[in-house]
Protein chains: 2
Amino acid sequence: MIDIAIFDEHRLVLEGISGLLTGISEFRVVLNCDDRNILTEKLKSIQVHVLILNMHDISVRNLNLIVQLNISNPKLKILVVSVIDSEEIVLKTIKAGAKGFLGKDSDRNSLIEAVYTLRNGHDYYSKSITHILLNRYISSLKADDLSDNADINSLSSRQIEILKLWGESYSNQEIADRFFISVRTVESHKNHIMQKLNLKSTVDMVKFAIKNNIIEI
Amino acid sequence: MIDIAIFDEHRLVLEGISGLLTGISEFRVVLNCDDRNILTEKLKSIQVHVLILNMHDISVRNLNLIVQLNISNPKLKILVVSVIDSEEIVLKTIKAGAKGFLGKDSDRNSLIEAVYTLRNGHDYYSKSITHILLNRYISSLKADDLSDNADINSLSSRQIEILKLWGESYSNQEIADRFFISVRTVESHKNHIMQKLNLKSTVDMVKFAIKNNIIEI
DNA sequence: CCGCATTTACGTGTTTTACGTAAGGAATGA
DNA sequence: TCATTCCTTACGTAAAACACGTAAATGCGG
């Protein structure tokens with residue numbers, strides 16, 4: 001048996017969604033709610049497995065609701081339903097802690113499937129959402145790669161060694177000791193790096209090292 | 001009409017794949033090849049729309065083949081087919097420049113669909129691959145978020161202002177001038193930030209600022 | 001009103017950066 | 001072979017930044 005709560009600010013839509021779930025013997029809708037505060041209150045006493053949350057906008061209030069519910073009800077799985085399936089809203093809800101997202105391409109069957117999936121501890125995203133996420137990810141993967149090839153090749157291997165250690169928070173003295181060279185030499189290497197790459201500050205040098213995978217964030 | 005080349009080191013499998021494509025009037029298999037060098041050579045003279053590449057392993061040779069073909073034949077779309085559908089191989093082939101990937105869940109229909117999709121300039125990934133990529137992306141999104149909420153809240157708004165400017169490569173003096181305070185005060189703020197966050201070096205402070213979206217890389 | 005964090009600031013000593021200079025070695029090409 | 005160029009090494013000097021301690025004024029919540 002899966003206990004379900006449904007939240008929608010529009011009572012009519014709320015009832016509509018609720019109706020879609022009747023007739024499934026394993027589903028028990030224990031709460032229909034159209035008020036944010038009442039929802040938060042009630043969920044303190046009632047144990048619910050899945051919360052279906054219809055989002056009409058990407059307001060901070062809505063996102064905060066997800067964040068807060070996740071903190072107060074760690075076991076609760078939140079399934080966001082929204083006609084707005086922009087990249088922005090999807091990413092923000094996932095970051096806020098939603099476990100599933102149904103875009104406007106979803107029907108009753110995908111809603112039911114999503115509830116089961118969330119209950120089983122997995123994430124569920126409808127097809128259109130999957131596409132959005134995947135495209136974004138793929139393009140970020142590709143973008144990553146292009147940025148790799150610019151200035152880093154102009155650095156010598158010694159310069160990269162120095163930059164790497166320094167980027168891992170070693171002091172000049174520590175670097176000097178490790179390579180058996182003078183602190184002044186370490187400084188020189190860093191000066192040369194800055195000159196070559198035309199960097200204004202050491203902060204820029206950190207950023208460069210991160211961008212070029214010399215160090216991790 | 002879509003011109004197709006097929007590469008597989010195993011002649012038997014090669015013929016099998018080739019056979020799957022007969023009977024589609026819009027497809028024309030113009031090259032079956034089981035040798036890397038011959039493939040590269042022939043593709044210099046023959047114009048092909050889609051190359052179906054069966055990868056038996058993630059060797060550097062295979063990945064380089066993709067990279068090289070992409071450089072020499074920019075219009076060519078490479079569709080990778082592989083029974084190995086690990087995260088690693090998928091990510092590497094995408095980075096190398098493959099436009100599609102068919103995992104072991106694929107059948108003849110998805111192969112045909114993939115060829116059409118690539119020809120139309122889009123990417124194609126079979127269901128299992130989509131899952132792999134999506135899970136990775138989602139978890140990276142979530143990981144991002146967890147690191148967001150910890151320490152940054154402990155900083156005062158003044159401290160964040162200072163950190164932000166400093167992270168944009170402003171000198172202490174410039175920051176001091178902008179806020180009409182002493183350089184010593186700027187130093188104090190930075191000291192307090194380092195203490196609060198328990199950071200060992202200014203390099204760490206840059207990383208912190210990046211992780212917490214105070215500055216851009 | 002008291003305690004606590006914030007913002008402001010200084011003192012002192014160390015480390016790092018800025019900018020210039022330079023010597024010895026390896027690689028390269030005329 | 002000799003000139004050139006880059007790399008690695010290193011120092012001088014002055015300015016800037018950092019480490020660590022101290023401390024006064026301000027403001028806010030209990």
Side-chain angles (χ1 to χ4, degrees), chain A residues 148-217, chain B residues 148-217:
Chain A
D148 272 359
N149 300 333
D151 302 309
I152 183 157
N153 295 317
S154 72
L155 293 185
S156 71
S157 53
R158 190 58 146 184
Q159 285 164 350
I160 291 177
E161 280 182 321
I162 304 269
L163 182 53
K164 186 175 171 64
L165 284 183
W166 177 80
E168 283 162 5
S169 307
Y170 288 88
S171 71
N172 289 352
Q173 187 61 60
E174 287 171 322
I175 297 169
D177 291 346
R178 172 156 316 196
F179 292 133
F180 304 107
I181 56 177
S182 155
V183 184
R184 312 305 305 280
T185 307
V186 177
E187 288 169 9
S188 279
H189 281 301
K190 281 159 65 184
N191 284 336
H192 294 152
I193 293 170
M194 304 262 287
Q195 276 171 22
K196 260 193 193 171
L197 304 174
N198 199 26
L199 302 175
K200 286 186 300 296
S201 70
T202 55
V203 171
D204 288 338
M205 196 151 57
V206 180
K207 293 179 186 173
F208 173 86
I210 293 170
K211 264 193 288 202
N212 290 87
N213 297 320
I214 296 170
I215 57 170
E216 300 272 312
I217 297 183
Chain B
D148 271 0
N149 300 337
D151 303 309
I152 185 159
N153 296 318
S154 71
L155 293 185
S156 70
S157 52
R158 189 58 146 184
Q159 285 163 350
I160 291 178
E161 279 182 320
I162 303 269
L163 182 54
K164 186 175 173 60
L165 284 184
W166 178 79
E168 285 163 3
S169 308
Y170 288 87
S171 71
N172 288 352
Q173 187 60 59
E174 287 171 321
I175 298 169
D177 291 345
R178 172 155 318 195
F179 292 134
F180 304 107
I181 56 177
S182 155
V183 184
R184 313 303 307 278
T185 307
V186 176
E187 286 171 10
S188 278
H189 281 301
K190 281 160 66 184
N191 284 334
H192 293 152
I193 292 169
M194 304 261 287
Q195 277 171 22
K196 261 194 192 171
L197 303 175
N198 200 25
L199 303 176
K200 287 187 298 297
S201 70
T202 55
V203 172
D204 288 339
M205 196 151 59
V206 180
K207 295 178 185 174
F208 173 87
I210 293 170
K211 265 194 287 205
N212 290 85
N213 297 319
I214 296 169
I215 57 169
E216 300 272 313
I217 297 182

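Residue numbers begin at 1 in each chain, while the letters A, B, ... track the order of the sequences.
- Here the side chain of Lys190(A) pairs no donor or acceptor atom with the backbone of Ile162(A) at under 3.5 angstrom.
- We find the CG-CD1 distance between Leu165(B) and Ile160(B) to be 12.5 Å, quoted to the nearest 0.5 Å.
- More than 12 heavy atoms of other shown residues, nucleotides or ligands fall within 6.0 angstrom of atom NZ in Lys196(A).
- The structure places NZ of Lys207(B) at 10.5 Å from CG of Leu199(B), a figure rounded to the nearest 0.5 Å.
- Atom CD1 of Ile193(B) and atom C1' of dA17(D) are 14 Å apart (whole Å).
- Comment: Glu168(A) engages Lys164(A) in a salt bridge, judged by a side-chain N to carboxylate O separation of less than 4.0 angstrom.
- Listed pair Thr185(A) / dT9(D) fails the phosphate criterion, with no side-chain N or O lying under 4.0 Å from OP1 or OP2.
- Boundaries of the chain B contact region on DNA chain C are dT6(C) to dT12(C), first to last in 5' to 3' order (nucleotide atom under 4.0 Å from a heavy atom).
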Legend entry - Nucleotide-resolved protein contact map, nucleotides 18-30 of chain D, B/S/- at heavy-atom distance under 4.0 Å: BSB----------
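- For the pair Ile215(B)/Trp166(B), no side-chain contact is recorded, criterion being any heavy-atom separation below 4.5 Å from C-beta on.
- Rounded to a whole Å, the CD atom of Gln173(B) is 8 Å from the P atom of dA17(D).
- Using a 4.0 Å heavy-atom criterion, one finds that Ser182(B) contacts the sugar-phosphate atoms exclusively.
- One interatomic measurement links the two molecules: CG of Leu155(A) to P of dC6(D), which rounds to 14 Å at whole-angstrom precision.
- Among the atoms of the strands shown, only primed sugar atoms or phosphate atoms (P, OP1, OP2) are found under 4.0 Å from some heavy atom of Ser156(B).
- The line from CD1 of Ile193(B) to OG of Ser156(B) is 7.5 Å long, rounded to the nearest 0.5 Å.
- Shown here are the salt bridge (Lys or Arg N to Asp or Glu O under 4.0 Å) partners of Arg158(B), two or more places apart in sequence or in another chain: Glu161(B).
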